[in-house]
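One-based numbering, in listed order, for ligands and for the atoms of each. These numbers come from the heavy atoms of this one structure, side chains and all, not from hydrogens, waters or symmetry mates.
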Amino acid sequence: MKHFLGLDDIPASELRAILDEAHKRKKSRAGLSKGAIDADAPCDGKTLALIFEKSSTRTRFSFDMGMRQLGGSSITATANDMQLGRGETVDDTARVLSRFVDGIMLRANSHDTLTELARNASIPVINGLTDRSHPCQIMADLQTLEEQGRDLKGLRLTWVGDGNNVAVSFAHAAAKFGFNLTISTPHGYAVPGQELSLARGAGANITITENPMDAAKDADVVIADTFVSMGDKDADKRLADLAPYEVTDALMGQADKDALFLHCLPAHRGEEVSASVIDGPQSVVFDEAENRLHAQKAIITWVMEN
Ligand code: CP
Ligand code: NVA
């Protein structure tokens, strides 16, 4: 049985196959209505549980529509709607849900909750974001870059801002897809050292610099994310510390003239990115958001295959 918990523990060839499937499924739907079912309906008769300990717009709607398009169905619940929110164990929740549904997507506060769920479930589990990582997001991001004609191998991606869960998944992906990753974070906001070691040990080429202008120089892709992630404390301090890391026109001016801008959304214009960048011609953030749907359909079919 296959889980999709992180890009670090899935072989590169499998991730490549998932990305190829995402492109194929997106192309094959050209002209179809959003609710139409894919011709092969690979999830006919299957149901995916979508469980949220934190808020979500893109993950929730893309997984739900994705299951419908694959010919299956989904059931969405917040942890607080469930006995999980009243202290029922993750272990028992996993064992019970395994009797009802065919897979579980979990958005969890703690990555440990996700791994405990996967350990105790007899059905596939998908990481819909944890405090550690956000692997589904990065698959959509890479799909977006490829459909813009970019070859991932050797591509120069620059992450600017907080070394958060999304940054960690980019580090994991660098090892699997062969792009060069530069990460620029202020002191105290670095990507955890063990994640960098893990990624580098798996072959990732990662450069670290505190200077965001240096980091953006000649980049093919500049990436930002919120300065205050869900669950982060002390928002005011974060906003002040991270303010010099806003992706502005001046910062984009350091990058290659054809550089693209990515942001997983939700965005905060005037904090991590200026409106002129995110709403400007180099930004592909809404294709990126749409690709959550296509990439996840490929992830769902991959975990559902026996
Ligand atoms: N990018 C992303 O995961 O968005 P949501 O929090 O809206 O799901
Ligand atoms: N880093 C953000 C991503 C949101 C999709 C968070 O964890 O809140």
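Around atom OH of Tyr189, more than 12 heavy atoms belonging to other residues, nucleotides or ligands sit under 6.0 Å away.
Scanning the protein heavy atoms around atom 7 (O) of ligand 1, the nearest turns out to be Thr57 N, 2.7 Å. For atom 8 (O) of ligand 2, the nearest non-hydrogen atom of the protein is Met230 N, 2.8 Å. In terms of protein heavy atoms, atom 6 (O) of ligand 1 is closest to Arg107 NH1, 2.8 Å. For atom 7 (O) of ligand 2, the closest non-hydrogen atom of the protein is Asn165 ND2, 2.8 Å. For atom 2 (C) of ligand 2, the closest non-hydrogen atom of the protein is Ser229 OG, 3.3 Å.
A salt bridge links Asp38 with Arg25: at least one charged nitrogen is closer than 4.0 Å to a carboxylate oxygen. Note on Asp20 versus Lys24: no salt bridge recorded, every NZ/NE/NH1/NH2 to OD/OE distance being 4.0 Å or above. A salt bridge links Arg68 with Asp64: at least one charged nitrogen is closer than 4.0 Å to a carboxylate oxygen. Remark: Lys34 does not engage Glu290 in a salt bridge, criterion side-chain N to carboxylate O under 4.0 Å.
Residue contacts with ligand 1: Cys264 is placed with a nitrogen or oxygen under 3.5 Å of a nitrogen or oxygen of the ligand (distance criterion only). The N/O atoms of Asp225, backbone and side chain alike, include one that comes under 3.5 Å of an N/O atom in ligand 2. Looking at His134 next to ligand 2, no N or O pair under 3.5 Å apart turns up.
Nearest heavy atoms, Asp287 versus Glu147: CB-OE2, 4.1 Å. What you find for Ile183 and Ile206 is that their closest heavy atoms are CD1-CG2, 3.8 Å.
Within the structure, ligand 1 has Arg292 among the residues with a heavy atom less than 4.0 angstrom away. In this structure, Asp232 falls outside the shell of residues with a heavy atom less than 4.0 angstrom from ligand 2. Taking a 4.0 Å cut-off on heavy atoms, Leu265 registers as neighbouring ligand 1.
Contact atoms of ligand 2 toward Leu129: 3 (C), 4 (C), 5 (C), 7 (O) (distance under 4.0 Å to a heavy atom of the residue). Each of the following atoms of ligand 2 lies closer than 4.0 Å to a heavy atom of Asn164: 1 (N). The atoms of ligand 2 that sit less than 4.0 Å from any heavy atom of Leu265 are 5 (C).
Side chains of Asp81 and Thr78: a donor on one and an acceptor on the other come within 3.5 Å. Judged by distance alone, the side chains of Thr47 and Ser73 do bring a donor and an acceptor atom under 3.5 Å apart.
Among Arg58, Arg60, His134, the residue whose heavy atom lies closest to atom 3 (O) of ligand 1 is His134.
Between Trp302 and Phe4, the ring planes are perpendicular. Angles over 60° get that label, and only those under 30° would be called parallel.
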